[in-house]
Amino acid sequence: MLEKNYNPKDFEEKIYADWEASGDFKSDMRADKDAFAIVIPPPNVTGVLHMGHALNDTLQDILVRYNRMLGKKVLWQPGTDHAGIATQMVVERNLAKDGITRHDLGRDKFIETVWKWKEQSGGIICKQLRRLGASCDWSRERFTMDEGLSRAVRKIFVNLYKDGLIYKAKKLVNWDSKFMTAVSDLEVVQKETVGKMYYYKYPIEGEPGEFIHIATTRPETMFGDTAVAVSKDNEKLKHLIGKNAVLPIVDKIIPIIADEHADPEKGTGAVKITPAHDFNDFEVGKRHNLPLINILNPDATLNENTPFPGMDTQTARQKTIEKLEELGLMERIEDHPMVIPYGDRSNVVIEPMLTDQWFVDAPTLAKEAIRAVEDGEMQFVPKSYEKTYFEWMRNIQPWCISRQLWWGHRMPIWYGPDDKIFCEETEEEAQAAADKHYGHHVELRRETDVLDTWFSSGLWAFSTLGWPDKNEYLDTFYPTSVLVTAFDIIFFWVARMMMMSMYMMKRVPFRKCYIHGLVRDEQGRKMSKSKGNTVDPMETIEKYGADALRFFMAAMETQGRDINMSEARIAGYRNFATKLWNAARFGEMNNCAPVKGFDEKGVSHPVNKWIIAKAKEATEQVTANLNAFRFSDAANAVYQFVWGAFCDWYIEMIKPILYGEDETQKAETRATFGWVLDRILIILHPFMPFITTELWNNTADRDVKLIHAAWPQSENIDSAAMNDIDWTIDLISAVRSLRSEMNIPAGARLTLYLKGADAASAEHLQSFASIICSLARLEKAEIYTGEITSDMAQGVFREAVLLLPLKGVVDFAAERERLNKELENLNKNLEGYARKLGNPSFVERAPAAVVEEEKRRQTEALENKAKVEEALQRIANF
RNA sequence: GGGUGUGUAGCUCAGUGGUAUGAGCACUACGUUGACAUCGUAGGGGUCGCUGGUUCGAUCCCAGCCACACCCA
């Protein structure tokens, strides 16, 4: 027996536990159909589930469950990411509570602590994914720092190195002074701020009273200046080229050079060149062979190359200005809108810093990654995102992969006594190579840097399948079928996966990439912890059930658009689940259950034929839309069918049958109900796996679990069966509408006459009289050939006229008003038809079918108009 | 500055070269027996951002403009 109320908490967790314990998420490797695989975008091991995950993983689970029901070999590969900076930050924060820094522990001990933390507190998100219903194969769960994945990292690193696609270089990189590491361009966010532009002047060497005027936003970097640049086209300043300027405060001589970087139109036309601390100046420095002077410590305080060692940049800036003022060289300070780079994790200003770092030759790797998309080997859905992808890939810069952190994959790089580099997968191999090179045993020193987290994420599509070992899963599931991810991760992850996979596997990592939007708050603002507008999916699930949240995500997911959170809507989908629950209870109460061997093609009652045809139609819509990744259309098709057809009409229409005497009809109807409810449970299961399973388990003894039930193959839809009932529904709606407009008490049982009906309508009326009477609250419904009398309310219905005798209770004023309104409407439509059909070019050029349709509408409207006018005539005198 | 996207009912959004049967929520009226008030029935509400163009016909295609959002510099 089903409980009276739908209460998802009673069964959601229980059902999930059963699936997992029974191995229902494991791929059936014997399946004879195609393989379908998704690798999960690995959440950070430190992460907790947010609405973005809820959307992302719901969409994946829908696809996975759908394909599993299609009978394919299905793998949803789960796992988590070690998330270098994020995780190190969390653990360091914990240590800080006890007043300990990672340096107190030392590298090995610290990493041990991180692992311990990971075992104890990491992966909360995987439990939360279970609560959401995600049917990942948890027996295959991977972590980016697992031994297997680490081996993949080392192997691909060595390959890239030996192919010359990884190299070490001294370059300007983005330096995060909080974590004291280099970061990639992608981890830098540019923030617009109103800063200051400082105008001051440098004296010209040997020409007292002569100056060159400088404008800069960062005066404190002047100690790293090694030139001043002026454009050779700058008429006012070009005479200074070749002379020297004197750096004030430190009294250093620097050349004034000609370089196009100094735009005569901007600032003062002269630019101070600080090659070690500005990306543009670095390029200028290279062109002119200028010395590079580093003026910063790793923590972004000034170093001993400046007069202010140990001072932070802000304070140093003030000091510099004071000194310049003392020297009478400061001219003015203006507000200046500018863009300042910040670390996306640390939120501190990123300093361009000259350091030794490791780079991946992304421009070379990008070539194949671009080609694969151009050739359609990997397709973006929606397609428009390929533009974003191409745009970025074609302008890609070398990727800085070294991080001066402790938590991460240590690079497989060893240095000999003379700093010669040995890059091998293991220490033994490196040692052997070194010993061979030097001809005797040497001590090797391992590189201390670790790799950017995204390096290992980039291998995720094949490393999780067991690469580099040959194995059944890799053979079966690579390339994976589709990657589902948000657009903000295209550069970080999609692009890197493409590059790494094309390089190593020579094949795309996934055949399709479905890109979805962000989940925003109710007002459409981006959710963020700092704004305090986040909604916790776990709380939503607690309140409305996982099915309601999932259905919300699916129903709102239209390709490429962001989703605004809406609690009302989630409540609405909870109500939808309640509706289905109660429909199932209705079936239970009336002994409606699936019958073994029932042939739905053999039913005879039109109502049963109709709902079966509708169910097949809905199935077809869900199938087609899921195949096209049209999640909202798929979800809405089930929703409309369940609520709008099955509950609103079918259940109401079969009541007279179920409460009647005809046992044959009853039996057929009960079996049909059972069949249709089963069909609903099947096509709704990918969206709402919990309630559908609970109902499946409670409505019959089953040979197969719903999660493995077969998705229906394409079927013939008996569209003729739909017409009878569509006629009936229209008639009932017309009567209800008339009743409502005439303010007839809901409880009043009336007689319905149909006058002027053709043979088909007459037959319909007779066949469905009991249904019509039941749903339209009528005493009887019959064909009428008599005169229309003054006590009848009347309405137009197709070729006939509806009459409701009201024994003197018709309000003629209201009736006249209603009829006049209808007449007005008809006239408006007729005007339109006349205009169109009177236009010769329309009649000549529009397709014949369109013209015919227009004529049909015109004829129908004319007939209706005549009926309404007659009716008005009749009651004119009352 | 470059790029992408969005402007449709009070709100949040679907959708389409042929009268917008638009959806959910909100709103109004009425609620009747035995699935469901987490409900039912009926109803009101829109010059589909603005201006041109293509077309027999444009909310839909094209161009320009206005507004907003996002990405990259």
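Each chain gets a letter, A, B and so on, in the order its sequence line appears, and its residues count up from 1.
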Which nucleotide, if any, forms a Watson-Crick or G-U wobble pair with B/U4, using both distances under 3.5 Å? B/A69
Given B/U33, B/A73, B/A23, the nucleotide with the shortest approach to the side chain of A/Q640: B/A23
Return the polar atom pairs (N/O with N/O) between nucleotides 42-45 of chain B and the protein under 3.5 Å, or none.
unit_1 : atom_1 : unit_2 : atom_2 : d
B/A42  : O2'    : A/S740 : OG     : 2.6
B/G43  : OP1    : A/S737 : OG     : 3.1

Please state how far atom CZ in A/F842 lies from atom P in B/G18, giving the value in whole angstrom units. 12 Å
Rounding to an integer number of Å, can you tell me how far A/I729 CD1 sits from B/U21 C1'? 13 Å
Closest-nucleotide mapping onto RNA chain B: is A/R520 or A/R777 further toward the 5' terminus? I mean the 5' end. A/R777
Suppose we define a pair by two distances each less than 3.5 Å, Watson-Crick or G-U wobble; what does B/A23 pair with here? B/U12
At a cut-off of 3.5 Å, list every protein nitrogen or oxygen paired with a nitrogen or oxygen from nucleotides 3-11 of chain B, distance to 0.1 Å.
unit_1 : atom_1 : unit_2 : atom_2 : d
B/U6   : O3'    : A/R561 : NH1    : 3.2

According to side-chain contact (heavy atoms from CB on, under 4.5 Å), who are the partners of A/E542, at least two apart in sequence or on a separate chain? A/K9
Around atom CD of A/E3, are there more than 12 heavy atoms from other residues, nucleotides or ligands closer than 6.0 Å? no
Which whole-number value in Å describes the distance from A/F492 CZ to B/C71 P? 12 Å
Tell me if the centroids of the rings in A/W581 and A/F11 come within less than 6.0 Å of each other. yes
Look at the side chain of A/R561 and the backbone N and O of A/M556, then say whether any donor-acceptor pair between them is shorter than 3.5 Å. no
What is the separation between atom CZ on A/R739 and atom C1' on B/U32, rounded to the nearest whole Å? 9 Å
Please confirm whether the shortest side-chain N or O distance from A/N395 to OP1 or OP2 of B/C72 is below 4.0 Å. no
Describe the nucleic acid contact of A/R525 in one word from base, sugar-phosphate, nothing, applying a heavy-atom distance below 4.0 Å. nothing
Should the pair A/R218-A/E351 be classified as a salt bridge under the 4.0 Å nitrogen-to-oxygen rule? yes
What is the distance, to the nearest angstrom, from the NZ atom on A/K855 to the P atom on B/U19? 16 Å
In chain order, what residues pass the salt bridge (Lys or Arg N to Asp or Glu O under 4.0 Å) check against A/D278, with sequence neighbours excluded? none
Centroid separation A/F646 to A/F673 less than 6.0 Å: yes
Between B/C71 atom P and A/F390 atom CZ, what is the distance in whole Å? 22 Å
If we ignore angles and hydrogens, is there a donor and acceptor under 3.5 Å between the side chains of A/N590 and A/Y659? no
I'd like to know whether the aromatic ring centres of A/W454 and A/F491 sit less than 6.0 Å apart in this structure. no
Examine the side chains of A/Y544 and A/E567 and answer whether a donor and an acceptor come within less than 3.5 Å of each other. yes
Regarding A/T558, tell me which of base, sugar-phosphate or nothing describes its non-hydrogen contacts under 4.0 Å with the strands shown. sugar-phosphate
Identify, between A/R749 and A/I744, the residue whose nearest nucleotide on RNA chain B lies closer to the 5' end. A/I744
Mind checking who B/G18 pairs with, Watson-Crick or G-U wobble, both distances under 3.5 Å? B/C56
Could you identify the nucleotide paired to B/U28, looking across every strand shown and requiring Watson-Crick or G-U wobble geometry with both distances under 3.5 Å? B/A42
Regarding A/E652 and A/K655, does a basic nitrogen lie under 4.0 Å from an acidic carboxylate oxygen? yes
Under the salt bridge (Lys or Arg N to Asp or Glu O under 4.0 Å) rule, collect the residues that match up with A/R574, sequence neighbours excluded. none
Spacing between A/E567 atom CD and B/G24 atom C1', to the nearest angstrom: 15 Å
Polar atoms only, N or O, under 3.5 Å: list the protein pairs with nucleotides 35-38 of chain B and their distances.
unit_1 : atom_1 : unit_2 : atom_2 : d
B/A35  : OP1    : A/K655 : NZ     : 3.0
B/A35  : OP2    : A/Y659 : OH     : 2.7
B/A35  : O2'    : A/N582 : OD1    : 3.4
B/A35  : O2'    : A/R585 : NH1    : 2.9
B/A35  : N6     : A/C647 : O      : 3.3
B/A35  : N6     : A/E652 : OE2    : 3.2
B/A35  : N3     : A/N582 : O      : 3.3
B/A35  : N3     : A/A583 : N      : 3.3
B/C36  : O4'    : A/N582 : ND2    : 3.3
B/C36  : O2'    : A/N582 : ND2    : 3.3
B/C36  : O2     : A/K579 : NZ     : 2.8
B/C36  : N3     : A/K579 : NZ     : 3.0
B/U38  : O4'    : A/N575 : OD1    : 3.4
B/U38  : O2     : A/R574 : NE     : 3.2
B/U38  : O2     : A/T578 : OG1    : 2.4

Centroid-centroid under 6.0 Å between A/F380 and A/Y514 rings: no
Nearest to the side chain of A/A746 - B/C71, B/U33, B/U32? B/U32
Can you measure A/N636 atom CG to B/C13 atom C1' for me and round it to whole angstrom units? 11 Å
